[in-house]
Amino acid sequence: MKVVIVGGVAGGATAAARIRRLDEQAEIIVFERSGFISYANCGLPYYIGGVIEDQEELTLQTPESFKTRFNITMKVHHEVTGIHPDEHTVSVKNLETGEEFEESYDKLLLSPGARPTQPNLPGIGVDNLFTLRTVEDTLKIRQYIDRKQPKSVVLAGGGFIGLELAENMRDLGMDVTIVQRPGQLMNLFDWDMAVFIHAKMRQKGIKLMLGCSVEGFEAGSGGVEVLLKDRPAITADMVVLAIGVTPESGLAEKAGLELGMKGSILVNDRMETSIPDIYAVGDAVQVKHSVTGQDTLLALAGPANKQGRIAADNICGGDSRYHGSQGSSVIKVFDLTAATTGINEQAAKKAGIDCDKVYLSPMNHAGYYPGGQNMMMKVVYENGTGRILGGQIVGYAGVDKRIDVLATAIHAKMTAFDLKELDLAYAPPYSSAKDPVNMAGFMIENIMTGKLRQFFYKDIPNLLEDDSVIRLDVRTVGEYARDHVDGFINIPVDELRERLSELDSGKTVYVMCQSGIRSYIACRILTQNGFDCYNYSGGYSFYRACAEEVLGAQESYLCGMEK
């Protein structure tokens with residue numbers, strides 16, 4: 001059997017190695033148009049920032065190491081220019097010599113990846129305008145920084161690459177501005193969780209121009225002018241486009257393969273394309289979201305690796321299936337960690353799923369053990385069933401641990417009732433006896449069984465204008481004096497039983513505390529004394545983060561966006 005693979009990195013290189021492990025006799029040839037067959041794509045921004053110092057650390061395998069260990073022929077700087085399914089051949093061009101030739105195959109695997117999205121804007125080709133996707137892109141940016149010592153950069157886009165570049169370039173001492181059309185960074189997060197990312201970026205001196213549309217670029221004496229819709233242009237020494245990626249499917253389209261959303265390659269759950277003996281994996285393919293069942297594109301390394309392995313199994317006569325992508329991801333934002341899995345609230349509603357959510361801000365380990373740090377968690381679940389749909393966590397220590405537990409729960413189609421039963425490892429330096437994931441399960445159970453009702457940030461403006469309700473802050477007198485929401489009266493929770501007579505039992509009570517725990521206790525007291533009661537989910541600290549984001553966005557370039 002002869003297998004030709006187009007493209008290396010996560011999907012192609014993984015598939016090649018797996019095929020060799022399954023079939024020692026197969027002839028395997030990989031064509032890669034760049035000069036690097038297998039590299040740490042996710043590490044590229046950290047090389048630019050100098051965190052990864054040695055360029056060689058980015059290279060996971062070389063053509064020579066692949067040949068030595070796996071007996072696989074890796075041809076870099078070779079571009080496949082055409083696929084001929086009827087003849088079972090591909091056309092190849094050697095980019096170093098210009099030589100063109102045909103290569104036959106029994107099985108063909110496409111792993112072309114995705115290219116940086118480059119909108120058709122005026123000035124897109126000006127000097128000092130970069131994209132970041134390959135090692136070559138990385139070296140070009142790093143060399144420019146080393147040679148020119150730029151003082152400022154504009155990053156167009158606020159996704160993974162944009163945020164990682166922002167951190168690394170800021171650490172180099174550069175003045176960093178992120179311009180993004182949506183009104184928030186990191187659209188995998190709901191706005192109310194993205195506010196913590198925004199706050200960290202602003203704290204570190206990064207300017208956020210959210211809700212701003214880039215309309216073009218001009219070369220100027222002071223660098224690159226970034227033209228914005230309805231706002232003055234801004235100037236920087238360099239610009240990096242990081243507005244997303246587009247499936248690299250031109251080769252597949254020319255060969256007549258069926259395409260899906262945004263020009264992606266259609267595959268089945270065996271990673272087979274619409275033409276026999278041709279498989280496709282990675283960022284170029286359309287997949288099913290494992291939570292919604294809907295078609296989606298997810299340009300992540302984890303799914304690409306899994307798809308490469310599955311395609312290899314099937315090429316070698318097996319029957320492996322890809323059950324969809326869940327979108328689990330984590331990102332470092334200076335000393336903050338932000339992670340997500342499954343779908344967010346906005347996506348759930350867009351998919352037509354009847355959902356609700358809980359917020360909680362637990363410590364990463366036992367409160368009495370020194371060094372505890374709070375994290376903010378949002379868990380989205382399906383009404384009626386309690387099925388866990390998604391999780392978002394922002395914090396410091398312990399974030400990745402909890403997101404992985406939630407990811408496993410979602411994959412296993414667990415409900416909130418299952419979360420509270422999970423037997424998770426506990427010792428004071430690592431967790432609490434009731435882990436934050438358990439706590440999320442307890443909270444959802446309380447809501448689903450009618451023990452608790454919630455209200456949220458978006459409800460507060462109307463509540464403040466409603467004289468028919470009681471707004472109650474149950475924190476201590478000192479906490480309330482330091483800061484509170486105007487219109488909320490203060491009765492500390494420990495005094496509540498003795499002061500119930502101060503409250504009109506005919507009015508609905510909306511209760512808030514610092515984190516949501518004391519207000520829950522207050523709600524249980526009130527409910528069992530005949531009051532109609534709602535608890536503010538997430539607590540005052542969460543309210544304040546959202547309120548400060550609205551104010552901060554107004555003060556730092558929110559362009560016509562309303563939240």
Review point. Would you say the side chains of S264 and K262 form a donor-acceptor pair under 3.5 Å?
Key: no
Check your understanding: Heavy-atom distance under 4.5 Å between the side chains of L132 and I141, does that happen here?
Key -> yes
Practice item. Just jot down the side chain to side chain contact (heavy atoms under 4.5 Å, CB included) partners of A339, sequence neighbours excluded, or say none. Key: V330, V399, I403
Practice item. Could you verify whether a donor N or O on one side chain and an acceptor N or O on the other, from Y359 and D192, lie under 3.5 Å apart? Key: yes
Exercise for review: Check whether any side-chain heavy atom of N128 sits under 4.5 Å from a side-chain heavy atom of Y144, and report yes or no.
Suggested key: yes
Point to revise | T246 and T117 side chains, donor-acceptor separation under 3.5 Å | key: yes
Practice item. Taking the side chain as every heavy atom from C-beta outward, state whether T337 and K332 have any atom pair closer than 4.5 Å. Key: no
**Study point:** Heavy-atom pair of closest approach, residues Y396 and N374
**Key:** CD1-O, 4.1 Å
**Study point:** Closest approach of R387 to V291 (non-hydrogen atoms, all atoms of both residues)
**Key:** NH1-O, 3.5 Å
Revision key, fill the gap. Heavy atoms of V240 and M169 approach each other most closely as CG2-CE, 4.2 Å
Study note, to complete from the structure: dist I331:CD1 -> L185:CG (nearest 0.5 Å) comes out at 9.5 Å
Review point. Which atoms form the tightest heavy-atom contact between G49 and L172, and what is the distance?
Key: O-CD2, 3.6 Å
Exercise for review: Given side-chain hydrogen bond (donor to acceptor under 3.5 Å, both in side chains), test D190 with Q392 step by step and report yes or no.
Suggested key: CA-CA 8 Å; D190 288 313; Q392 302 160 61; 2.9 Å; yes
Revision key, fill the gap. Closest non-hydrogen contact found for E225 with A233 is OE1-CB, 4.2 Å
Point to revise | Other residues, nucleotides, ligands: >12 heavy atoms within 6.0 Å of I517 CD1 | key: no
Review point. Does some side-chain heavy atom of L121 sit less than 4.5 Å from a side-chain heavy atom of V214?
Key: yes
Review point. Is the CG atom of D423 crowded by more than 12 outside heavy atoms at less than 6.0 Å?
Key: no
**Study point:** pair F531-C523: side-chain heavy atoms closer than 4.5 Å
**Key:** no
Check your understanding: Among I234, V179, D230, T177, which residue meets the side chain to side chain contact (heavy atoms under 4.5 Å, CB included) test with C212?
Key -> V179
Exercise for review: Can you establish whether the number of heavy atoms outside K151 located under 6.0 Å from its atom NZ is more than 12?
Suggested key: no
Review point. How are the rings of Y534 and Y510 set relative to one another: parallel (under 30°), tilted (30 to 60°) or perpendicular (over 60°)?
Key: parallel
**Study point:** More than 12 heavy atoms from other groups under 6.0 Å of CD on Q346
**Key:** no
Check your understanding: Are any non-hydrogen side-chain atoms of Y536 and Q454 less than 4.5 angstrom apart?
Key -> no
Practice item. Could you tell me whether the side chain of M209 reaches within less than 4.5 Å of the side chain of R231, counting heavy atoms only? Key: yes
**Study point:** H484 ring center within less than 6.0 Å of F488 ring center
**Key:** no
Check your understanding: So how far is it from T131 OG1 to K140 NZ, rounded to the nearest 0.5 Å?
Key -> 7.5 Å
Exercise for review: Assess K357 against F456: is NZ or CZ under 6.0 Å from the centre of the six-membered ring, and within 45 degrees of the ring's axis?
Suggested key: yes
Practice item. Kindly indicate, with the supporting measurements, whether the criterion salt bridge (charged side-chain N to carboxylate O under 4.0 Å, His left out) is fulfilled by D486 and R471. Key: CA-CA 10 Å; D486 289 341; R471 299 170 293 269; over 6 Å; no
Review point. If you measure from the Lys or Arg side-chain nitrogens to the Asp or Glu carboxylate oxygens, is any gap between K200 and D335 under 4.0 Å?
Key: yes
Check your understanding: Distance-only, no hydrogens or angles: does the D137 side chain make a donor-acceptor pair with backbone N or O of T134 under 3.5 Å?
Key -> yes
Review point. Would you call D175 and K207 a salt bridge, using N to O less than 4.0 angstrom?
Key: yes
Practice item. Grab the two heavy atoms, one from S325 and one from L298, that are nearest each other, plus how far apart they are. Key: CB-CD1, 3.3 Å
Practice item. Tell me yes or no: between the side chains of S431 and R402, is some donor less than 3.5 Å from an acceptor? Key: yes
Check your understanding: Under 4.0 Å between a Lys/Arg side-chain N and an Asp/Glu carboxylate O for K378 and E345?
Key -> yes
Exercise for review: Consider only side-chain N and O atoms of N364 and Y430, and report whether a donor and an acceptor are under 3.5 Å apart.
Suggested key: no
Check your understanding: Is the shortest heavy-atom distance from the side chain of L406 to the side chain of M377 under 4.5 Å?
Key -> yes
Review point. Judged by modelled atom types alone, do Q294 and H289 share a side-chain donor-acceptor pair under 3.5 Å?
Key: no
Practice item. Give the intermediate values and the outcome of side-chain hydrogen bond (donor to acceptor under 3.5 Å, both in side chains) for residues K434 and S432. Key: CA-CA 5 Å; K434 291 184 288 190; S432 298; over 6 Å; no
Check your understanding: About how many Å separate CG of L360 and CE of M443, when rounded to the nearest 0.5 Å?
Key -> 5.0 Å
Exercise for review: Using a cut-off of 6.0 Å, state whether more than 12 heavy atoms not belonging to E53 lie near its atom CD.
Suggested key: no
Exercise for review: Check the pair E549 / R202 against salt bridge (charged side-chain N to carboxylate O under 4.0 Å, His left out), numbers first and verdict last.
Suggested key: CA-CA 10 Å; E549 167 59 23; R202 293 190 181 106; 2.7 Å; yes
Practice item. Decide yes or no on salt bridge (charged side-chain N to carboxylate O under 4.0 Å, His left out) for E479 and R518, but give the supporting numbers first. Key: CA-CA 13 Å; E479 288 174 297; R518 285 173 288 176; 2.8 Å; yes
**Study point:** Pair Q286-T296, side-chain donor/acceptor within less than 3.5 Å
**Key:** no
